[in-house]
Amino acid sequence: MAKSPTIDFEAHREHLLERRQEILDLYESDVRAGQASTDEGTDDIVDRANNSYNRELMFSLSDNERNHLLAIDAALERIKAGAYGTCANCGREIGDKRLAAVPWTRFCVDCQELVEQGMLDEGKN
């Protein structure tokens, strides 16, 4: 597959790598905060519940971060494979403006709308 002359692959690659590092840094910060937030010395049940809720929130954010990280890694693989910038569903070129806004996207705007409407399974492609 020939690379599109309209897509700045290197700029998108750099953006993806920067975003990937930001997520890894945030994850490490979340882990440290989760380890620091223990119930030791807390006798009040409300404080324990609040600490528990905060830990759960941090871990759920970590799940979202992990999914984002997986999408970024997949985009980096598509760059290596020469498939970056091509819609995983219809095969059309994804516009450079869309890639600049969402560099890990797998779909063009039209197909992303189908995903959001539940008319296209995001995981199948």
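- One distance of note links CG of Asp121 with CG of Asn89; it measures 10.5 Å at 0.5 Å rounding.
- Nearest approach of Tyr84 to Pro103, heavy atoms of both residues: OH-O, 2.7 Å.
- Between the CD atom of Glu18 and the CZ atom of Arg13 there is a distance of 11.0 Å, given to the nearest 0.5 Å.
- Of the residues His15, His68, His12, the one that meets the ring-ring contact (aromatic ring centres under 6.0 Å, His included) test with Trp104 is His68.
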Exercise for review: Might you work through the side chain to side chain contact (heavy atoms under 4.5 Å, CB included) test for Arg20 and Asp73, ending with a clear yes or no?
Suggested key: CA-CA 8 Å; Arg20 185 179 193 281; Asp73 286 344; 2.6 Å; yes

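- Although no hydrogens or angles enter the test, the distance criterion places no donor-acceptor pair under 3.5 Å between the side chain of Arg92 and the main chain of Phe107.
- Note on Leu17: it clusters hydrophobically with Ile7, by side-chain heavy-atom contacts below 4.5 Å among ILVMFWY residues.
- Under the salt bridge (Lys or Arg N to Asp or Glu O under 4.0 Å) criterion, Arg98 pairs with no residue at all, not counting sequence neighbours.
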Practice item. Start with the C-alpha gap between Leu69 and Glu65, add the side-chain angles, then the distance that decides, and say whether side chain to side chain contact (heavy atoms under 4.5 Å, CB included) holds. Key: CA-CA 6 Å; Leu69 191 59; Glu65 292 160 1; over 6 Å; no

Review point. When you look at Leu120 and Cys111, which way does the side chain to side chain contact (heavy atoms under 4.5 Å, CB included) test go after all the steps?
Key: CA-CA 8 Å; Leu120 177 65; Cys111 290; 4.1 Å; yes

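- When every heavy atom of Ile23 is checked against every heavy atom of Ile72, the shortest pair comes out as CD1-CD1, 3.7 Å.
- Here the straight-line distance linking atom CD of Gln112 with atom CD1 of Ile94 works out to 9.5 Å at 0.5 Å rounding.
- Atom-to-atom distance recorded for Leu16:CG and Leu99:CG is 9.0 Å, nearest 0.5 angstrom.
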